[in-house]
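Notes follow once the structure below has been shown.
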Amino acid sequence: MEAPNKQLELDMRYIRMAKIWAENSYCERRKVGALIVKDKMIISDGYNGTPSGFENICEDENNVTKPYVLHAEANAITKIARSNNSSDGATMYVTDAPCIECAKLIIQAGIKRLVYSKEYRVEDGINLLKRAGIEVIYLNPDKSDSITD
């Protein structure tokens, strides 16, 4: 394991990269980005959006997210399934706290650390990850005193 300051620097760098990756999302209400990192290598990435082959419109005419929109975490994890990589023991960096459905996928993917930078009003996903023994870190790159677990 890296020295604490070095690990913090890496975590800050990857969370900023996840924020930039979120800019790829076509969603209007919320743009979310995720990276999966293992052995200091990005092995997968994702952002929220529609499945492959669908129109790149996430919200309906009432500005409600369409039910088939994939979350950034799900996109990153499903990309792993189509690659030769394994997420077992990896760290996921995601701009927003995961929902409970994504938390289940994170657990099943063998991800051991989650770093996120934006809290959500519902904490079910975060609580489930902690219950599963996953290291959960809130790290807001805009505030240097935001580290918790």
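- Residue pairs satisfying the ring-ring contact (aromatic ring centres under 6.0 Å, His included) criterion with at least one member in residues 81-100, sequence neighbours excluded, are listed as follows: Y14-Y93.
- No continuous path of hydrophobic side-chain contacts links I42 to W21 [ILVMFWY only; heavy atoms under 4.5 Å].
- No option in L35, L10, V115, T95 other than V115 meets the side chain to side chain contact (heavy atoms under 4.5 Å, CB included) test with I15.
- Every residue meeting the disulfide bond (SG atoms under 2.5 Å apart) condition with C27, not counting sequence neighbours, appears here in chain and number order: C58.
- For K79 (side chain) and S44 (main-chain N/O), no donor-acceptor pair under 3.5 Å exists by modelled atom type.
- Taking hydrophobic clusters as Ile, Leu, Val, Met, Phe, Trp and Tyr residues chained together by side-chain heavy-atom distances below 4.5 Å, L129 shares a cluster with I100.
- Looking at every heavy atom in both residues, S87 comes nearest to A109 through OG-O, 2.7 Å.
- For the side-chain contact (heavy atoms from CB on, under 4.5 Å) test, no residue two or more places apart in sequence or in another chain qualifies with K112.
- When hydrophobic side chains of Ile, Leu, Val, Met, Phe, Trp and Tyr are connected at separations under 4.5 Å, V64 ends up as a singleton with no cluster partners.
- For N84, the CG atom sits in a loose shell: 12 or fewer heavy atoms of surrounding residues, nucleotides or ligands are nearer than 6.0 Å.
- Y47 and V69 fall into different hydrophobic clusters, where Ile, Leu, Val, Met, Phe, Trp and Tyr side chains are chained together by heavy-atom contacts under 4.5 Å.
- A search for side-chain contact (heavy atoms from CB on, under 4.5 Å) contacts involving A34 returns A72, A76, V94, not counting sequence neighbours.
- For I126, the side-chain contact (heavy atoms from CB on, under 4.5 Å) partners two or more places apart in sequence, or in a different chain, are A97, P98, L114, Y116, K130, V136.
- Atom CD1 in I134 sits 8.0 Å away from atom CG in L128 (nearest 0.5 Å).
- Annotation: disulfide bond (SG atoms under 2.5 Å apart) contacts of C102 (sequence neighbours excluded): none.
- Side-chain contact between M92 and I106: present, with at least one pair of heavy atoms (C-beta onward) separated by less than 4.5 Å.
- Here E28 pairs with E59 under the side-chain contact (heavy atoms from CB on, under 4.5 Å) rule; sequence neighbours left out.
- Atom CG of L70 sits about 6.5 Å away from atom OG1 of T78, to the nearest 0.5 Å.
- One finds the CD1 atom of I36 at 5.5 Å from the CD1 atom of I77 (value rounded to the nearest 0.5 Å).
- Applying the salt bridge (charged side-chain N to carboxylate O under 4.0 Å, His left out) rule to pairs touching residues 9-19 yields D11-R113, K19-D142, sequence neighbours excluded.
- Shortest non-hydrogen contact noted between L105 and A74 is CD1-CB, 3.8 Å.
- At least one donor-acceptor pair under 3.5 Å links the side chain of N48 to the backbone N or O of V32.
- Screening residues 60-77 for salt bridge (charged side-chain N to carboxylate O under 4.0 Å, His left out) gives E55-K66 as the qualifying pairs, with residues at least two apart or on separate chains.
- Under the disulfide bond (SG atoms under 2.5 Å apart) criterion, no residue pair touches residues 108-141, with sequence neighbours excluded.
- Taking CG of L139 as the start and CE of M12 as the end, the distance is 5.0 Å to the nearest 0.5 Å.
- Here I80 contributes atom CD1 and K38 contributes atom NZ; the two are 8.0 Å apart, rounded to the nearest 0.5 Å.
- A salt bridge (charged side-chain N to carboxylate O under 4.0 Å, His left out) check over residues 87-101, counting only residues at least two apart or in different chains, returns the pairs R30-D96, E101-K104.
- You'll find the side chain of I137 reaches within 4.5 Å of the side chain of E135, heavy atoms only.
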